Amino acid sequence: MVLMSGADWRLAMPTALWLIAYVIFLRYFVPWMRDLSKNSSERHSAVMGRVVDSYANILTVKLFSRASDEDAYVRKAIDEHTEAIAQHMRLITKFTTALAVLNALLLVGTSAIGVLLWGKGELDAGTVAMAVPLAWTIANTAGWVSWEMGRAFENIGVVQEGMETIAVPHAINDTVTARNLDIARVRGEIRIERLTFTYGRDDGRKVLDSLNCVIRPGERVGLVGSSGAGKSTLINLLLRFYEIETGRILIDGQDIREVTQESLRRAIGVVAQDTSLLHRSIAENIAYGSPGASQAQIEFAAQRAQAHEFIMRQRDWKGSVGYEAQVGERGVKLSAGQRQRIAIARVVLKNSPILVLDEATSALDSEVELAIQDQLLGLMEGKTVIAIAHRLSTIACLDRLLVLNEGRITEGTHDELLRLGGQYAMLWRHQSGGFL
Ligand code: ATP
């Protein structure tokens, strides 16, 4: 514009008008492109989500003969994605067409005014010969700039969609003053004080209602309660997977909210109901909680969990055998009982001062369970243990039982609770026919 208006201000007029139109053009198209790009990215995530959901639940899909419905469900998402992409493409076509028209007008306008002024003798041919290629260069550069800006904003749309999923603030954070729980010094006293928890519900139903309880160091307690009584909730609160709403839990006098989550979980060994393994070798899975463990330590832990024999018989698709055999995604190449024994071996190796056994032997047959019970008793030696089992016979022998019912705890030994005749006695009566 400076060069053109230096020759004649009228020669710069098309460029000035073009510049105004160009800014309006960008303001109009670029946010629109960003929104459509975000939309098509969301549709893409929906397709992936539905495909992964179907595959993750493939057994349920097959068992209920719903494969064709699942196809239709995924197809619907694909159609929506295709439509979102089509909308996006249509906008890109509008964008390039509008830009081409704008640039053509600039070229035609500059050439027409240049030729007109030259015809009148007000401009020399050299200036016109400079102005037209200059307009052409501006048009080309503007095309490139707007294209790159469009692409940048498209990517901003994709990033925004991703951020909505991954940039959710952490619900549970370590406090600034949080210290590490010194595992070597943990004696294992667990003190629960006025613990109330509702999962954030405001309908008045409390999963745990003002619980008070002390588990002494080295004590082995069984946690009993009907399904949905809140046993897993209590364990999850102890592990700080949820933030306590009212009350507190202390380990050796330290509020669990004042120690780092990592050190807290390092102090607690958990064998969960449903064990899923990592897609790695058996040895790596057993050593997961104790990086740096030697092969001898891994094998010793496996022997204590009655897992050594079946591990020695393992062979994977690559020909690796024994402890080096891969277990498949989530451990699919092993049976539920074998996975559970690997989970037990993992905890044996981790050797934490507090042990949580949540239905730890539920997937084992009676013979293996009996063999493991002995090992578990050895494993429990000197540790604070909380064991959950629906088969009451497996925990009746522990030092004390905590019965959870409607958010409250009743404590006692097996005999005391039977004499009391409450919830535990009822559960025991129901089971003693079938399970003992
Ligand atoms: P089970 O023996 O069947 O495993 P449980 O005693 O371990 O049962 P919990 O899993 O602790 O029971 O569940 C206690 C109650 O809390 C149930 O009524 C359940 O619906 C509710 N609950 C569990 N998890 C959540 C959650 N993430 N959000 C909301 N409510 C939940």
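All ligand and atom numbering here is 1-based and tracks the order in the structure. Being a predicted model, the structure only gives us computed values, none of them experimental.
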**OP:** List for me each residue that meets salt bridge (Lys or Arg N to Asp or Glu O under 4.0 Å) alongside Glu245, sequence neighbours excluded, and say none if there are none.
**Re:** none

Subject >> Nearest non-hydrogen protein atom, atom 14 (C) of ligand 1 >> reply: Gly228 O, 3.3 Å

Subject >> Qualifying salt bridge (Lys or Arg N to Asp or Glu O under 4.0 Å) pairs with a residue from residues 402-415, counting only residues at least two apart or across chains >> reply: Asp209-Arg408, Arg400-Glu411

**OP:** For atom 3 (O) of ligand 1, state which one of Gly225, Ser227, Gly407 supplies the nearest heavy atom.
**Re:** Ser227

**OP:** Any atoms of ligand 1 less than 4.0 Å from a non-hydrogen atom of Thr233? List them with their elements.
**Re:** 9 (P), 11 (O), 13 (O), 14 (C)

**OP:** Could you tell me which atoms of ligand 1, counted from 1 in the order shown, lie closer than 4.0 angstrom to a heavy atom of Tyr242?
**Re:** 27 (N)

Original post:
Do protein heavy atoms approach atom 19 (C) of ligand 1 to less than 4.0 Å?
Top reply: no

Subject >> Nearest non-hydrogen protein atom, atom 22 (N) of ligand 1 >> reply: Tyr199 CE1, 3.3 Å

Subject >> Taking atom 7 (O) of ligand 1 as the reference point, the nearest protein heavy atom with its distance >> reply: Ser232 OG, 2.7 Å

Original post:
Aromatic rings Phe95 and Phe29: how do their planes relate, parallel, tilted or perpendicular, breaks at 30° and 60°?
Top reply: perpendicular

Original post:
Is Lys318 paired with Asp316 through a side-chain N to carboxylate O contact shorter than 4.0 Å?
Top reply: no

**OP:** Find all atoms of ligand 1 within a distance of less than 4.0 Å from any non-hydrogen atom belonging to Arg201, and give their numbers and elements.
**Re:** 21 (C), 30 (N)

Original post:
Does a side chain donor of either Asn57 or Asp53 reach within less than 3.5 Å of an acceptor in the other side chain?
Top reply: yes

Original post:
N/O of Gly230 under 3.5 Å from N/O of ligand 1, yes or no?
Top reply: yes

Subject >> Nearest-0.5 Å distance that lies between atom CH2 in Trp18 and atom CG in Leu102 >> reply: 7.0 Å

Subject >> Side-chain H-bond candidate by donor/acceptor type, Glu299 with Gln303, under 3.5 Å >> reply: no

Original post:
How does Lys206 reach ligand 1, if at all, at less than 4.0 Å between non-hydrogen atoms: by side chain, backbone, both, or neither?
Top reply: neither

